[in-house]
2 protein chains.
Amino acid sequence: MTQVRKRSKAPPPSQRRRSPPANPTLASRTTGPLDALLDPALFAALSDPTRLRLVACIAKCGRGCTVGETAACCAVDLSVVSRHLALLARAGILTAAREGRVVRYIVRYDALATLFRSLADALDHCRPTDIACACNADCAEGTCDAR
Amino acid sequence: MTQVRKRSKAPPPSQRRRSPPANPTLASRTTGPLDALLDPALFAALSDPTRLRLVACIAKCGRGCTVGETAACCAVDLSVVSRHLALLARAGILTAAREGRVVRYIVRYDALATLFRSLADALDHCRPTDIACACNADCAEGTCDAR
DNA sequence: CCAATACTTGCACAATGACGCAAGTACGCA
DNA sequence: TGCGTACTTGCGTCATTGTGCAAGTATTGG
């Protein structure tokens with residue numbers, strides 16, 4: 001994660017976001033070509049060992065897991081877990097739902113599985129065939145739309 | 001990426017690694033359960049926008065791309081591109097091959113596609129059924145093998 | 001062997017990210 | 001309304017990472 005610069009001062013408690021914004025529609029990433037599927041934010045969310053462990057933990061607990069339960073999976077402060085889960089939800093990997101006093105996080109199985117399959121398909125489509133790709137001369141020009 | 005602490009001083013030029021180590025066998029990650037597939041290093045490699053652009057660029061250029069060609073895809077120094085490509089190769093996403101004066105990098109289409117499909121499958125298997133998961137009480141104990 | 005091309009690596013620096021602690025907020029129940 | 005439980009957020013710290021520049025190494029051709 002490099003060029004994602006978000007540095008706005010937290011708004012006052014009154015107007016502070018209480019319920020997280022709608023999860024980004026993973027579906028919107030599952031249609032386009034390879035570029036559209038290669039979202040740095042998604043991979044960044046999955047690039048931390050602690051977060052991955054949390055995801056794995058929640059993925060296996062059928063019903064949603066609370067922050068406290070999930071925190072038992074790894075040896076970091078509860079506040080850290082809370083932040084990680086919020087981040088994962090923002091990335092569209094988890095869904096959060098408040099149930100009275102607790103918040104349950106659950107993995108967005110379908111969205112993720114669909115996304116990964118789309119990625120695999122997109123890669124297959126990119127695989128070179130016998131016909132040479134016209135963009136060989138220079139990736140920055142010609143028919144290569146990678147930029 | 002957090003707990004990956006590698007802080008060894010670079011070895012002297014004489015014993016410095018010239019050819020990169022064999023790419024990690026992505027295949028080894030495509031068999032186990034979800035945990036085995038959730039490799040932080042892989043996602044970390046894909047978490048940088050510049051690197052993703054390089055991957056997309058190379059993915060679409062059927063034959064391997066040289067470092068110089070690839071560098072045309074984005075506005076960073078050639079040395080940066082070189083480092084990114086080496087990292088991607090180390091992560092098993094690209095394969096490097098020296099051809100005379102140039103080095104060609106190519107996407108490991110099959111390995112990646114297989115990995116992503118395995119991930120999707122693993123997620124599908126984790127999806128809760130009607131039978132409640134026995135590990136609900138506490139993710140850190142019981143039958144939940146997420147830790 | 002020298003020069004040119006094509007990368008790779010050392011070094012310094014700024015920005016980012018993960019973390020823990022402490023304080024703050026939300027919700028349910030007396 | 002006051003209290004306890006369950007999270008969330010502010011803040012400071014420290015390690016990691018992305019980047020550019022300059023110097024180093026590899027490979028080919030003269």
Side-chain angles (χ1 to χ4, degrees), chain A residues 1-20 40-41 44-54 64-72 74-91 96-105, chain B residues 1-20 40-41 44-54 64-72 74-91 96-105:
Chain A
M1 284 185 81
T2 310
Q3 34 244 49
V4 186
R5 302 278 143 86
K6 16 120 210 217
R7 266 252 149 260
S8 54
K9 277 196 72 168
S14 53
Q15 43 183 293
R16 199 178 290 152
R17 173 179 50 73
R18 280 283 103 203
S19 55
L46 296 172
S47 70
D48 181 75
T50 304
R51 275 199 296 272
L52 274 189
R53 177 168 286 188
L54 297 176
C65 288
T66 69
V67 178
E69 282 169 354
T70 314
C74 52
V76 294
D77 195 80
L78 184 81
S79 70
V80 173
V81 172
S82 172
R83 257 187 287 251
H84 277 319
L85 295 181
L87 187 155
L88 287 165
R90 247 178 285 133
R98 176 139 228 152
E99 279 182 25
R101 234 181 298 206
V102 303
V103 176
R104 290 198 185 284
Y105 283 94
Chain B
M1 279 184 82
T2 310
Q3 31 246 54
V4 186
R5 302 279 142 86
K6 17 124 206 212
R7 266 251 148 261
S8 54
K9 279 197 71 166
S14 54
Q15 44 183 293
R16 199 179 291 153
R17 173 181 50 74
R18 281 278 106 205
S19 55
L46 295 173
S47 70
D48 181 75
T50 304
R51 276 198 296 271
L52 272 189
R53 177 168 286 187
L54 297 176
C65 288
T66 69
V67 178
E69 281 169 355
T70 314
C74 53
V76 295
D77 195 81
L78 184 82
S79 70
V80 173
V81 173
S82 172
R83 260 187 286 250
H84 277 319
L85 296 182
L87 186 154
L88 287 164
R90 247 178 286 132
R98 176 139 227 152
E99 279 181 25
R101 235 182 296 210
V102 304
V103 176
R104 290 197 184 284
Y105 283 93

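Both backbone and side-chain heavy atoms feed into the values below; hydrogens, waters and symmetry mates do not. These numbers were taken from a predicted model, which means no experiment stands behind them. A note on names: the letters A, B, ... follow the listed sequences, proteins ahead of strands, and every chain is numbered from 1.
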Tell me the closest heavy-atom pair linking [X] and [Y], and the distance in Å.
X: A96(B); Y: V103(B); result: CB-CG1, 4.2 Å
X: P49(A); Y: P40(B); result: CA-CG, 3.9 Å
X: A45(A); Y: L88(A); result: O-CD2, 3.7 Å

Quiz item: Any side-chain heavy atom of V102(A) within less than 4.5 Å of one from V67(A)?
Solution: no

Tell me: [atom1] of [X] to [atom2] of [N], nearest whole Å?
X: L54(A); N: dC7(D); atom1: CG; atom2: P; value: 13 Å
X: R51(B); N: dT19(D); atom1: CZ; atom2: P; value: 8 Å
X: L78(A); N: dG24(C); atom1: CG; atom2: C1'; value: 14 Å
X: L88(B); N: dG18(D); atom1: CG; atom2: P; value: 10 Å
X: D77(B); N: dA22(D); atom1: CG; atom2: P; value: 10 Å

Quiz prompt | Nearest listed nucleotide, side chain of V76(A), among dT19(D), dG20(C), dT8(D) | solution =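 It is dG20(C).
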
Quiz item: Which nucleotide sits closest to the side chain of S82(B): dG18(D), dG20(C), dC7(C)?
Solution: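 Of all the options, the side chain of S82(B) is nearest to dC7(C).
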
N or O in side chain of [X] less than 4.0 angstrom from [N] OP1/OP2:
X: H84(A); N: dC19(C); result: yes
X: Y105(A); N: dC7(D); result: no
X: T50(A); N: dA18(C); result: no

What protein N or O atoms touch nucleotides 27-30 of chain C N or O atoms at under 3.5 angstrom, if any, and at what distances?
none

Self-check item: Closest-nucleotide ordering on DNA chain C, the 5'-leading residue of R104(B) and L87(A)
Solution: R104(B)

Quiz item: Any donor-acceptor pair under 3.5 Å linking the side chain of R98(B) with the backbone of G100(B)?
Solution: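 Side chain of R98(B) to backbone of G100(B): a pair is present.
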
Quiz item: Quick one: does S79(B) reach the base of dC21(D) with a side-chain donor-acceptor pair under 3.5 Å?
Solution: yes

Quiz item: Any donor-acceptor pair under 3.5 Å joining the side chain of R83(A) to the base of dG10(D)?
Solution: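 Pair found.
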
Exercise. Hey, could you give me the CG/OG distance between L87(B) and S82(B), rounded to the nearest 0.5 Å?
Key: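 Between L87(B) CG and S82(B) OG, I get 11.0 Å after rounding to 0.5 Å.
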
Quiz item: Going through the distances and angles, do E69(B) and R104(B) end up as a side chain to side chain contact (heavy atoms under 4.5 Å, CB included)?
Solution: CA-CA 10 Å; E69(B) 281 169 355; R104(B) 290 197 184 284; 4.2 Å; yes

